[in-house]
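Report on the structure given below.
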Amino acid sequence: MVKPVSPVLEISNLHIEIDQRSVIKGIDLTILPNEIVALVGESGSGKSVTAHSIMGLLPKNTARISTGTLKLNGERLNDFTAKAWQSLRGNRCGMVFQEPQSSLNPSMKCGTQVAEIGNQHLHPRLDNATMKQRILNAFQEVQLADPIHVYNAYPHQLSGGQKQRVMMAMALFCAPQLLIADEPTTALDVVVQKEIIGLLKKQQQKKGMSVLFISHDLNVVRQLADKIAVMKAGKIVEFATKEQLFRHPQHPYTKGLLNARPPLDKRLVQLPTLQHFLEGSFQPKVETTAARKQRQASMYDSPPVLEIKGVAKNYTNSAGLWSKKTEKKALTDIHFNLYPGETLGVVGASGCGKSTLAKMLVQLLQPNEGKILWKGKPIETNNSSQKALLRKKIQLIFQDPLAALHPQKTVAQMLDEVLRVHTSKDKKQRTSTIQALLAQVDLAEGFAVRYAHQLSGGQRQRVVIARALALEPEVLICDESVAALDISVQAQVLNLLNTLKTTLGLSLLFISHDLSVVKHMADRILVMNQGKIVEENEADQLYAQPQTKVAKTLIEAIL
């Protein structure tokens, strides 16, 4: 008779209340030794609250476990004291958070931060030399190319992928029995995302630990999970092995999560949203190749609205008072046109120059070489009236909507500020315009009195889009504008952008690291690498027959 395996983590009938409101509603979840279980759902479904309850990180004054039990290797966690939680965190249970920049101490070197974990939990304590060597070994294990540099670096001196690897080294430093990874790849580009997932799987197999991997994207967890729990509104609505869930999803919510990402084998006019699947109302409409070619032929017969000719941008760095200035080339010899009604995709890994290009087009940066032409006329860098006009005609939608919105102003106040400064409309006209802008982005009038923190991620992005539309631009630059959003919310925002493009006659410059999203949106795609455009083609052709290694790597990452 086979002896049953004792679970590493066991959650039974867990109910959690925050501010006397039920947010976790009777979930059951078991993770066995050496097993990866994924917890998947939209923002607000209760995934992170569940993770924080396992780590003892629920807010003391506002949150409580009303019923149910949490057990780690058979030991009940509900009644842990503060000292017991302190002993567990980073030792028996490690956690990798979503945003490494905000999780790492900006005033401490990375090596010192990892040493804190070791000094807290390793007994007997190691001497400084031994501790340093152990930290360098930990950095090597998570494939940091230059461990000594990372050891002496502050977080802001590292890339997003490097910071996430430091977080993984910290979480794994004391060989935990359970690792919780809470959206560890969401903010990373697809190439780095793939590397982090592969690294996590390798470390899990090497150390034989159990993993709870939290994500909103089923396509991400497909690459590493053994079992998947789908969470909605505080409940687990489906739990199955990876093979069962992807072959035969049972719940409409699961089907919605699986289908919200743009398909790669066809071009849909509109992406399905979760609501479509919950209502059973989605009827896919495919744009045919012939219709697409006809639309593009008409579009490219018009003169370009924006021309970029030989643009280059260098950044000057100085390491200190007595050191020599050094120059870094951010952009080199950039050429392209943007046509009326066109969506031009720009893809590339982080650091390739995409955001620098966007900032130059809205005159936040000036090129060192080359010309920017608006409707055939060069923009002179010393002509303030020309630059002011261009800033109205070209609007930028930022990646992080929360950071782009004023925390102390209502939605109406933020929109009114733009209209008051840049137009001659009186208060009554501005109020009417604000109502029209909210309607354009599918927000009810009641949202006008809300603050940014009272909105969901998708609602915030709609407000940012409304603000960009306030001056009636002709070009929208979308700089990673859906990267920080749930997959299902991404679909809503992408549908909205396509609708606005058609109804308002906009041109879009759509910047992203995710080629699947860009392929869905774009007519043409530019591929950037190290400040240069290395490939340009019609979107479907580029995906079907990529010519450069960079494009092939981006395609492999999404597959």
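Taking a 6.0 Å sphere around CD of Gln20, one finds it holds 12 or fewer heavy atoms contributed by other residues, nucleotides or ligands. Atom CG of Asn128 has 12 or fewer neighbouring heavy atoms from other residues, nucleotides or ligands inside a 6.0 Å radius. Shown here is Lys71, whose NZ atom has no more than 12 heavy atoms of other residues, nucleotides or ligands within 6.0 Å. Heavy-atom contacts from other residues, nucleotides or ligands closer than 6.0 Å to CD1 of Ile18 number more than 12.
Side-chain contact of Asn91 with Gln86: a donor-acceptor pair under 3.5 Å is absent, judged by distance alone. Under 3.5 Å, the side chains of Asn78 and Thr69 contain no donor-acceptor pair of N or O atoms. Side chains of Asn498 and Gln270: a donor-acceptor N/O pair is absent below 3.5 angstrom, by distance only. Ser516 and Asp514 share a side-chain donor-acceptor pair at under 3.5 Å. For Ser45 and Glu42, the side-chain atoms include no donor-acceptor pair closer than 3.5 Å.
Using modelled atom types, no side-chain atom of Lys25 and backbone atom of Lys235 make a donor-acceptor pair closer than 3.5 Å. Here the side chain of Gln490 pairs a donor or acceptor atom with the backbone of Val482 at under 3.5 angstrom. One N or O on the side chain of Gln113 and one on the backbone of Asn105 form a donor-acceptor pair closer than 3.5 Å. Judged by distance alone, the side chain of Gln177 and the main-chain N or O of Met209 form no donor-acceptor pair under 3.5 Å. Using modelled atom types, no side-chain atom of Thr62 and backbone atom of Asp19 make a donor-acceptor pair closer than 3.5 Å. Put simply, the side chain of Arg460 gets close to the backbone of Ala452: a donor and an acceptor are under 3.5 Å apart. Under a 3.5 Å cut-off, the side chain of Gln454 and the backbone N or O of Tyr451 do form a donor-acceptor pair. Remark: side-chain polar atoms of His520 are not paired, donor with acceptor, to backbone N or O of Leu494 under 3.5 angstrom.
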Query - Residues Ser355, Ile511; criterion side-chain contact (heavy atoms from CB on, under 4.5 Å); working and verdict - result: CA-CA 8 Å; Ser355 292; Ile511 298 171; 5.5 Å; no
Requested in this report: Walk me through it: do Asp28 and Ser12 pass the test side-chain hydrogen bond (donor to acceptor under 3.5 Å, both in side chains)?
Outcome: CA-CA 5 Å; Asp28 298 284; Ser12 304; 4.6 Å; no
Query raised in the report: Is there a side-chain contact (heavy atoms from CB on, under 4.5 Å) between Ile197 and Val221 once you walk through the steps?
Result: CA-CA 9 Å; Ile197 289 170; Val221 304; over 6 Å; no
**Report entry** Stepwise side-chain hydrogen bond (donor to acceptor under 3.5 Å, both in side chains) test for Thr553 and Glu556
**Finding:** CA-CA 5 Å; Thr553 301; Glu556 288 169 3; 4.9 Å; no
Requested in this report: Please report the C-alpha distance between Asn34 and Gln204 in whole Å, then the side-chain angles of each, then the deciding distance to 0.1 Å, and finally whether the side-chain hydrogen bond (donor to acceptor under 3.5 Å, both in side chains) criterion is met.
Outcome: CA-CA 7 Å; Asn34 200 26; Gln204 182 266 335; 2.8 Å; yes
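Considering all non-hydrogen atoms of both residues, Gln157 and Ala153 come closest at OE1-CA, 3.4 Å. The nearest pair of heavy atoms linking Ala138 to Ala169 is O-CB, 4.1 Å. Across all non-hydrogen atoms, the minimal contact from Met528 to Cys352 is CE-O, 3.6 Å. Smallest separation of non-hydrogen atoms from Ala358 and Asp479: CB-OD2, 4.4 Å. Residue Pro546 comes nearest to Ala551 through the heavy atom pair CB-CB, 3.8 Å, listed as atom of the first residue, atom of the second, then distance. Looking at every heavy atom in both residues, Ser481 comes nearest to Phe510 through OG-CE1, 4.1 Å.
Geometric assessment of Lys227 against the ring of Phe239 yields a negative cation-pi assignment under the 6.0 Å and 45° thresholds. Both tests do not hold together for Arg165 against Phe139: distance to the six-membered ring centre under 6.0 Å, angle to the ring axis within 45°.
Put simply, the side chain of Ile11 reaches to within 4.5 Å of the side chain of Thr50, judged on heavy atoms. Under the 4.5 Å side-chain criterion, counting only non-hydrogen atoms from C-beta, Phe246 is in contact with Ile228. For the pair Arg134 and Leu126, the minimum side-chain heavy-atom distance is below 4.5 Å. By the 4.5 Å heavy-atom criterion applied to side chains, Leu70 and Arg76 are not counted as neighbours. Residues Val142 and Leu199 meet the side-chain proximity criterion, which asks for heavy atoms closer than 4.5 Å. Two residues are said to be in side-chain contact when any heavy atoms from C-beta on lie closer than 4.5 Å; Cys174 and Ile117 meet this criterion. Counting only heavy atoms from C-beta outward, the side chains of Gln140 and Asn137 approach each other to under 4.5 Å. Within the 4.5 Å cutoff, no side-chain heavy atoms of Arg450 are placed close to those of Thr410.
Note that CG of Leu9 and CD1 of Ile54 are 4.5 Å apart. Values are rounded to the nearest 0.5 Å. Distance check: Ile465 CD1 to Cys478 SG gives 7.0 Å after rounding to the nearest 0.5 Å. Rounded to the nearest 0.5 angstrom, Met168 CE and Gln143 CD are separated by 9.0 Å. Leu245 contributes atom CG, which lies 5.5 Å from atom OG1 of Thr254 (distance to the nearest 0.5 angstrom). Atom CZ in Phe213 sits 13.0 Å away from atom CG in Asp226 (nearest 0.5 Å). With rounding to the nearest 0.5 Å, the separation of CD in Gln492 from CD in Gln461 is 12.0 Å.
Between Asp540 and Lys519 there is a salt bridge, since at least one side-chain N of the basic residue sits less than 4.0 Å from a carboxylate O of the acidic one. Under the 4.0 Å criterion applied to side-chain N and carboxylate O atoms, Glu141 and Lys207 are assigned as salt-bridge partners.
In this pair, His251 and Tyr253 present their aromatic rings perpendicular. The plane angle is above 60°, beyond the 30 to 60° band.
Among Ile214, Leu218, Asp217, the single residue meeting the side-chain contact (heavy atoms from CB on, under 4.5 Å) criterion with Val40 is Leu218.
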